Amino acid sequence: MAASRKPQPDPLESLLSHWPDELSGQCAFEVGLSGGLDSVALLALLCRARERRPELEIRAVHVHHGLSPNADAWAEHCRALCASLGAPLRVERVSLILNGGDSLEAVAREARYQAYRRSAAGVVVLAHHLDDQAETVLLQLLRGGGARALAAMPALRKLDAEGPWLWRPLLGLRRRQLEDFVQAQGLSWVEDESNQDERWRRNLLRQRLLPQLEAALPDYRRHLTRSAGLLADAAAVLDEVAAQDLAACRREGGLDLTRWRGLSAARQRQTLLAWLRGLAWPAPEPDALAEFQRQALEAGAASCPRLSLARGLLYRYRDGLFALPALPAPAAMALGPVDPATERVATEWGGALSWDWRPRGLPADTLARGLILRSREGGERLASGVGRKPVKSFLQEAGIAPPLRERWPLLCDADGRLLALPGVAVDSEQASEPGWWPQWRPLPTEPR
């Protein structure tokens, strides 16, 4: 007697029975619809669920990347599908701009998520399924990912702190089950030709390696997904401990070196990674992070170890660890006539200019004639009580960290004559008694 295929659970019943409690009361759902099998199945399932729950508002969003010659046809297919299912569709056309070292896959993904963030729905629903989850775990393992990466895709999370929910209700279902469902519904889908391109690691896994793995270990998807769940728990514990350590190490503008040094080596690294996540900076390579850790602990007090990242710079200076966002070199900034009662924020300079009334400072008429902020070019000097000193010496004596010295502005009059180093010194030959003393406040790296 021939073996029969094991009956599979009804995808609709699976969807309804695993509806998250967190989504109780949510009525507006928007499906990320590529037009492929998975998202067609998801949209059809939610429209079927609407028959059981009439309060549901089901709509879809199609992100048109423009990468394929078939992209317009895919959008038209999505329009026809949504019309047949009674689901409103919005089509978001995006332009992908790659900078040096950017991955096309990563840039396209970010463009999709930006479109999801603009959703008016309370829940954005994505069609990742069990096969996708298993592939993601393997890919992250091959990339050398840690617990957070190997935890793979959560079924439910907030897209942003104030944004919609992101729900993946199909993570318990295999692609084969979705294909059976879509065929039973008489629906069609599009095939993305790039899914056959084995230059992409996911396609290589899918086309060549996973069929062999399945032949030997038919339940590999469940096993990998179980591991991902266990690692998600481990990552959550790591995050909780790192958040506590980060809070204990915080100081004005950065982290306290002494308190950070008192942590174990692993907790030191986790604290730095938690700090970077809070800044929305990507994590560095593990070797680079470990080398920065070593230098921060071992370098002499006068040293300034640095870790350069795409979004900015981590550095240790004296008794603290600090983060400095990457900024393009600013152009000279004409301030015009200056009101000393008003703070002037110069975002492109990464700081804010304000004024104190002191026994010695700049005359009010100098401010009234207009001022300019400009960059250092090298060789500038300011008059002091003991002659003219290099600007570099003033910054060193003031304890300004080397990375900040490199972008510290000079304050000049309307004719370009150097008047002061804001927050550090005023040219004694230009000062009056009393007068206005310029202050410079670097803008905080993190929101207050």
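In this text, all values refer to a predicted model and were calculated from it rather than measured experimentally.
- Side-chain contact between Leu217 and His223 is absent, with no heavy-atom pair separated by less than 4.5 Å.
- Other residues, nucleotides and ligands contribute at most 12 non-hydrogen atoms within 6.0 Å of the CD atom of Glu162.
- Checking Gln207 against Glu198 by side-chain atom types alone, no donor-acceptor pair falls below 3.5 Å.
- Arg109 forms a cation-pi arrangement with Tyr113, by the criterion of a distance under 6.0 Å to the ring centre and an angle within 45° of the ring axis.
- Side chain to side chain, Gln244 and Glu240 fail the donor-acceptor criterion of an N or O pair below 3.5 Å.
- Gln295 and Arg316 form no side-chain donor-acceptor contact under 3.5 Å, judged by distance and modelled atom types alone.
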Donor-acceptor pairs are to be reported for all side-chain atoms of residues 79-88 against protein atoms at under 3.5 Å, with residues two or more places apart or in another chain.
{"residue": "Arg79", "atom": "NH1", "partner": "Glu76", "partner atom": "OE2", "Å": "2.6"}
{"residue": "Ser84", "atom": "OG", "partner": "Leu81", "partner atom": "O", "Å": "2.7"}

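- For Arg201, the CZ atom counts as loosely surrounded, since its 6.0 Å shell holds 12 or fewer non-hydrogen atoms of other residues, nucleotides or ligands.
- Using modelled atom types, one finds a donor on one side chain and an acceptor on the other under 3.5 Å when comparing Ser188 with His77.
- Partners of Ser119 by side chain to side chain contact (heavy atoms under 4.5 Å, CB included), not counting sequence neighbours, listed by chain and number: Glu30, Arg90, Ala121, Val124.
- Counting only N and O atoms by type, the side chains of Arg175 and His129 include no donor and acceptor under 3.5 Å apart.
- Under the 4.0 Å criterion applied to side-chain N and carboxylate O atoms, Asp180 and Arg174 are not assigned as salt-bridge partners.
- Inter-residue side-chain proximity for Leu173 and Ser14 is flagged as met; some heavy-atom pair is nearer than 4.5 Å.
- At a threshold of 4.5 Å between non-hydrogen side-chain atoms, the residues Leu272 and Leu307 do not count as touching.
- A side-chain N or O of Arg202 and one of Thr136 form a donor-acceptor pair less than 3.5 Å apart.
- A salt bridge does not link Asp131 with Arg206: none of the charged nitrogens is closer than 4.0 Å to a carboxylate oxygen.
- Every residue meeting the ring-ring contact (aromatic ring centres under 6.0 Å, His included) condition with Phe322, not counting sequence neighbours, appears here in chain and number order: Tyr315.
- Side-chain atoms of Arg259 come within 3.5 Å of backbone atoms of Arg250 as a donor-acceptor pair (strictly under, hydrogens ignored).
- Glu193 and Asn70 form a side-chain donor-acceptor contact under 3.5 Å, judged by distance and modelled atom types alone.
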